[in-house]
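Written below as structure tokens is the structure these notes are about.
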Amino acid sequence: MTRVKFVCDTERCIECNACATACKNEHEVPWGMVRRRVVTLNDGTPEERSIATSCMHCTDAPCVAVCPVECLYQTDLGIVLHDKDICIGCGYCFYACPFGAPQYPRASLFGSRGKMDKCTYCAGGPEPNGSEEEYRKYGRNRVAEGKLPLCAEVCSTRALLAGDGEVVGEIFRERVIHRGYGSGAWGWNTAYYPEEDGA
Amino acid sequence: MSAALRSGRRFTGYRVAGAIAAVLLALVMAWQVYELFDGDDFTRPVVQWGVPQDGAELSGVLAGEALAARTRLQRDRFNSGPAPDADAPSLAYGDELFIVTAPLDDGAVLTGAWARPDEAAAEVARPSDRVIGISSLPYVNADLFERPFARDWRVGIADVATHLGAIAIVGFSFLLALMLAVRGRVPILHGHSDRPRVKRFGLLERMVHWMTAVSFIVLALTGIVIAYGETLIAPFSRVALGDIGWLSAWAHMMFFPSFALGVLVMAVMWTLRNLPERRDLTWLARGGGFFTDADDSPPAHKFNPGQKLVFWSAVLGGLIMVGTGVTLMFPYYWLDLGGMSWAMLTHAVIGVLLIAIFIGHIYIGTVGMEGAFWAMWGGDVDRNWAEEHHKLWVRDLEQGANRSPAE
Ligand code: HEM
């Protein structure tokens with residue numbers, strides 16, 4: 001059974017932000033929100049590394065568990081999607097998200113912060129796949145076309161990998177063995193194997 | 001004054017209603033306790049992807065294969081070979097939508113399977129860690145990469161606040177219903193008196209009380225929609241839950257100013273009379289005399305220790321709720337993400353506790369005790385009620401009356 005994942009190879013990410021830009025454009029993500037962004041660690045030191053991050057589409061996704069109106073849901077590929085018609089903009093999913101993925105159009109919570117927006121793994125939402133309405137609310141549905149998230153597919157250094165988790169893991173592992181350093185898939189335990197930390 | 005004391009057990013209708021309520025609440029309680037231990041509190045997939053086959057069935061395998069083939073295109077040149085001499089990728093798709101979605105019933109097994117890494121994945125996965133860097137984006141928290149605490153937050157809100165909160169609310173209501181069924185109402189032992197009624201709460205006090213009460217009830221109900229809508233409303237309609245949830249989120253905010261104001265004014269009006277006294281311990285040890293029909297309830301001033309506890313719950317609990325609530329309305333203005341997470345948890349936990357406490361208060365103020373309601377409604381109480389429940393207050397009033405009849 002296919003389970004999709006993301007991994008960002010920090011030995012390769014050059015903080016070009018192409019992933020973030022392509023994502024914003026592909027989905028026409030509104031002003032003030034980003035579905036993918038790049039975080040730089042140890043800036044200005046020899047250990048400087050950059051990681052492109054977004055919703056990781058977690059196993060046992062905590063955002064789905066805390067949503068008070070059941071607007072978030074997961075698919076059998078592991079992709080976590082949500083229904084903007086139902087979202088009340090309460091912000092719970094943000095507190096429950098280990099990767100700071102959910103975004104809101106408004107900064108203060110006067111009743112609502114507006115409809116939450118986040119990475120859809122380029123898989124749209126509950127509307128009919130590929131429909132005009134789906135595009136307007138969630139952006140392009142590439143998965144329905146058999147394609148993978150654009151952020152990974154545009155990555156010029158192939159730092160960001162998306163798709164079948166096993167294949168992605170294999171590519172990453174081969175690469176680490178080949179170059180002999182820089183192992184460790186960032187965020188994987190927190191996102192995909194929550195029980196592995198004895199938590 | 002009639003010699004025979006009236007019994008709380010003669011309120012048969014109330015007791016029958018109490019018994020029925022107790023049975024229903026016991027059932028709800030049992031269900032909630034079961035929910036706490038049935039171990040199904042994890043996220044399961046509810047939608048499947050697949051390529052439509054002739055027989056209307058979706059093939060998830062085909063969808064998976066298509067995506068896996070596409071994934072392989074990301075392999076490095078040294079193992080995928082140079083293009084275009086090698087095989088042209090056979091699965092470079094066009095715009096055709098060939099993978100569709102459908103509801104999925106048995107997703108629970110997937111969650112378990114996903115959570116177990118195979119050896120290869122376990123080898124590459126980095127240990128969980130809090131990771132924060134810098135970001136060139138101008139958004140709060142844009143510099144956050146990983147924050148494992150969020151998974152614990154989910155346990156706090158979904159298990160502790162919501163589940164244990166439900167058990168606190170339902171369990172306490174059950175005890176009250178049981179008390180009503182067994183004991184009946186707390187009666188006015190000597191029956192209604194012919195003597196003039198005693199003034200208990202002035203107009204301002206009553207107005208403030210009811211303003212606060214109405215606000216609290218709206219806040220509680222809208223809060224319950226947000227906390228328990230998934231259980232109470234979603235089974236009927238998920239779309240309705242969205243609409244009611246949206247309305248609740250707004251109403252929850254609209255009614256907080258009057259609640260905050262009410263709590264503050266109550267604090268100013270009543271704090272002096274609610275300071276604890278040594279005598280309160282005896283009163284509490286004897287359960288306020290609530291459980292017997294004997295004519296020797298422990299003496300109390302204007303507010304007995306039970307009421308003092310209610311008062312302090314309203315004032316301290318209310319201030320915590322208002323403080324955390326206002327904080328939540330302005331994310332990250334004065335607290336960071338960690339602080340906000342705790343504010344949210346505190347708001348939820350104290351919220352459900354206050355709901356439980358005030359169910360008790362409303363119970364005593366209406367059906368639980370004969371004659372109590374009129375203190376807060378018309379403002380005066382039956383003389384016998386006053387003497388039975390607030391001896392010291394009546395004594396002070398009588399002594400004071402010789403000096404200033406107005407009070
Ligand atoms: C339908 C709902 C309610 C009813 C019927 C009710 C009834 C009453 C009554 C009859 C009293 C006077 C008790 C006495 O004679 O000493 C009272 C007092 C009081 N009420 Fe309520 N109440 C309600 C809701 C609330 C709520 C929601 C709050 C708080 C937010 C509240 C806070 C208080 C406080 C602080 C007092 C004074 C202390 C005490 O007597 O316990 N009430 N209420």
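From a predicted model like this one, the values you see are computed outputs, not experimental measurements. Any value given below was found using the heavy atoms of this structure, including those in side chains, with hydrogens, waters and symmetry copies removed. Each chain gets a letter, A, B and so on, in the order the sequences are listed, and its residues count up from 1.
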With a 4.5 angstrom heavy-atom cut-off, could you sort out which part of C63(A) is near chain B: side chain, backbone, both or neither? neither
Answer yes or no: is there an ion pair linking E153(A) with R70(B), defined by an N-O contact shorter than 4.0 Å? yes
Who among C71(A), S50(A), G78(A) has the most heavy-atom pairs with chain B under 4.5 Å? G78(A)
If you count heavy-atom pairs under 4.5 Å between each of I86(A), V64(A), T2(A), L72(A) and chain B, which one has the most? I86(A)
Going by residue number, which parts of residues 96-104 of chain B are within reach of chain A, meaning a heavy-atom gap below 4.5 Å? E96(B), L97(B), F98(B), I99(B), V100(B), T101(B), L104(B)
If we define contacts as heavy-atom pairs under 4.5 Å, which of L328(B), D41(B), V239(B), V140(B) has the most with chain A? L328(B)
If we only count heavy atoms from C-beta on, is the L148(A) to T71(B) side-chain gap below 4.5 Å? yes
Can you tell me how far CZ of F145(B) sits from CE of M56(A), rounded to the nearest 0.5 angstrom? 5.5 Å
So which of V176(A), D85(A), V34(A), D83(A) has the largest heavy-atom pair count under 4.5 angstrom toward chain B? V34(A)
Checking V61(B) against chain A: side chain, backbone, both or neither under 4.5 Å from a heavy atom? neither
Taking side chain as everything from C-beta outward and backbone as N, CA, C, O, which of these in W153(B) sits under 4.5 Å from a heavy atom of chain A? Side chain, backbone, both or neither. side chain
Is I177(A) in contact with chain B via its backbone, its side chain, both, or neither, using a 4.5 Å heavy-atom distance? neither
Atom pair SG/CE of C90(A) and M344(B) - distance to nearest 0.5 Å: 7.5 Å
Quick one: what part of A101(A) sits under 4.5 Å from any heavy atom of chain B, side chain, backbone, both or neither? neither
So if I apply the side-chain contact (heavy atoms from CB on, under 4.5 Å) rule between I134(B) and each of V38(A), V39(A), T40(A), which one comes out positive? T40(A)
Checking V143(A) against chain B: side chain, backbone, both or neither under 4.5 Å from a heavy atom? both
On a heavy-atom basis, which atom in R238(B) and which in E70(A) lie closest, and how many Å separate them? NH1-O, 2.6 Å
Check: F110(A) and M329(B) side chains under 4.5 Å, non-hydrogen atoms: yes
Pairs of heavy atoms under 4.5 Å with chain B: top-ranked of G100(A), G169(A), A65(A): A65(A)
To the nearest 0.5 angstrom, please state how far the CZ atom of R154(B) sits from the OH atom of Y92(A). 14.5 Å
Partners meeting side chain to side chain donor-acceptor pair (under 3.5 Å) with E57(B) (sequence neighbours left out): none
For a quick test of reading the model, state the closest non-hydrogen atom pair linking P98(A) to A150(B) and the distance between them. N-CB, 3.5 Å
Roughly how far apart are D164(A) CG and R72(B) CZ, rounded to 0.5 Å? 7.0 Å
Is A20(A) in contact with chain B via its backbone, its side chain, both, or neither, using a 4.5 Å heavy-atom distance? neither
Lys/Arg N to Asp/Glu carboxylate O, K147(A) vs D95(B), below 4.0 Å: yes
With distance as the sole test, does Q74(B) use its side chain to make a donor-acceptor pair with the main-chain N or O of A162(A) at under 3.5 Å? yes
Does some side-chain heavy atom of F42(B) sit less than 4.5 Å from a side-chain heavy atom of T59(A)? no
Where C58(A) and R151(B) come nearest, the two heavy atoms and their spacing: CB-NH2, 3.4 Å
May I ask you to check if K84(A) and W246(B) form a cation-pi contact, with NZ or CZ under 6.0 angstrom from the six-membered ring centre and within 45° of the axis? no
What part of M253(B) is in contact with chain A, defined as an atom under 4.5 angstrom from a non-hydrogen atom: side chain, backbone, both or neither? side chain
Are any side-chain N or O atoms of R3(A) and backbone N or O atoms of A113(B), one a donor and one an acceptor, separated by less than 3.5 Å? no
At what distance, to the nearest 0.5 angstrom, does CH2 of W49(B) lie from CD1 of I79(A)? 5.5 Å
Side chain / backbone / both / neither for L77(A) at chain B, heavy atoms under 4.5 Å: both
So which part of M33(A) gets closer than 4.5 Å to some heavy atom of chain B, the side chain, the backbone, both or neither? backbone
First locate atom OG of S135(B), then atom CG of D43(A), and finally report the distance between them rounded to the nearest 0.5 Å. 11.0 Å
I need the residue from G184(A), A191(A), G163(A) with the largest number of non-hydrogen atom pairs under 4.5 Å to chain B. G184(A)
Looking at V131(B), L67(B), D243(B), I157(B), which has the largest count of heavy-atom pairs under 4.5 Å with chain A? L67(B)
Test side chain to side chain contact (heavy atoms under 4.5 Å, CB included) on V47(B) and Y73(A) and set out the steps. CA-CA 8 Å; V47(B) 167; Y73(A) 62 96; 3.7 Å; yes
Please state whether the side chain, the backbone, both or neither of N42(A) comes within less than 4.5 Å of a heavy atom of chain B. neither
Test side chain to side chain contact (heavy atoms under 4.5 Å, CB included) on Y95(A) and L337(B); report intermediate values, then the result. CA-CA 8 Å; Y95(A) 298 123; L337(B) 180 50; 4.0 Å; yes
Contact part of Y192(A) toward chain B, heavy-atom cut-off under 4.5 Å: side chain, backbone, both or neither? backbone
Give, as side chain, backbone, both or neither, the part of V168(A) having an atom under 4.5 angstrom from any heavy atom of chain B. both
If you compare all heavy atoms of P68(A) against all heavy atoms of I226(B), which two are closest, and at what distance to 0.1 Å? CB-O, 2.9 Å
Do T53(A) and E146(B) have side-chain heavy atoms sitting under 4.5 Å apart? no
Can you say whether L241(B) sits under 4.5 Å from chain A via the side chain, the backbone, both, or neither, judging by heavy atoms? both
Minimum-distance pair of heavy atoms, taken over all atoms of T190(A) and S128(B): OG1-OG, 2.5 Å
Closest-packed option against chain A by number of heavy-atom pairs under 4.5 Å, given G64(B), A142(B), A234(B): A142(B)
With a 4.5 angstrom heavy-atom cut-off, is it the side chain or the backbone of C87(A) that approaches chain B, or both, or neither? backbone
Using the benzene-type ring in the case of Trp, are the ring centres of Y139(B) and Y104(A) under 6.0 Å apart? no
Before accepting this row, confirm whether a basic side-chain N of the pair R44(B)/D76(A) lies closer than 4.0 Å to the acidic partner's carboxylate O. no
Non-hydrogen atoms of chain B under 4.5 Å away: do they reach the side chain of R113(A), the backbone, both or neither? side chain
Segment of L247(B) engaging chain A (4.5 angstrom heavy-atom cut-off): neither
Distance-minimising heavy-atom pair for A121(B) and W188(A): CB-CZ3, 4.4 Å
Y332(B) versus chain A, the contacting section by heavy-atom distance below 4.5 Å: side chain
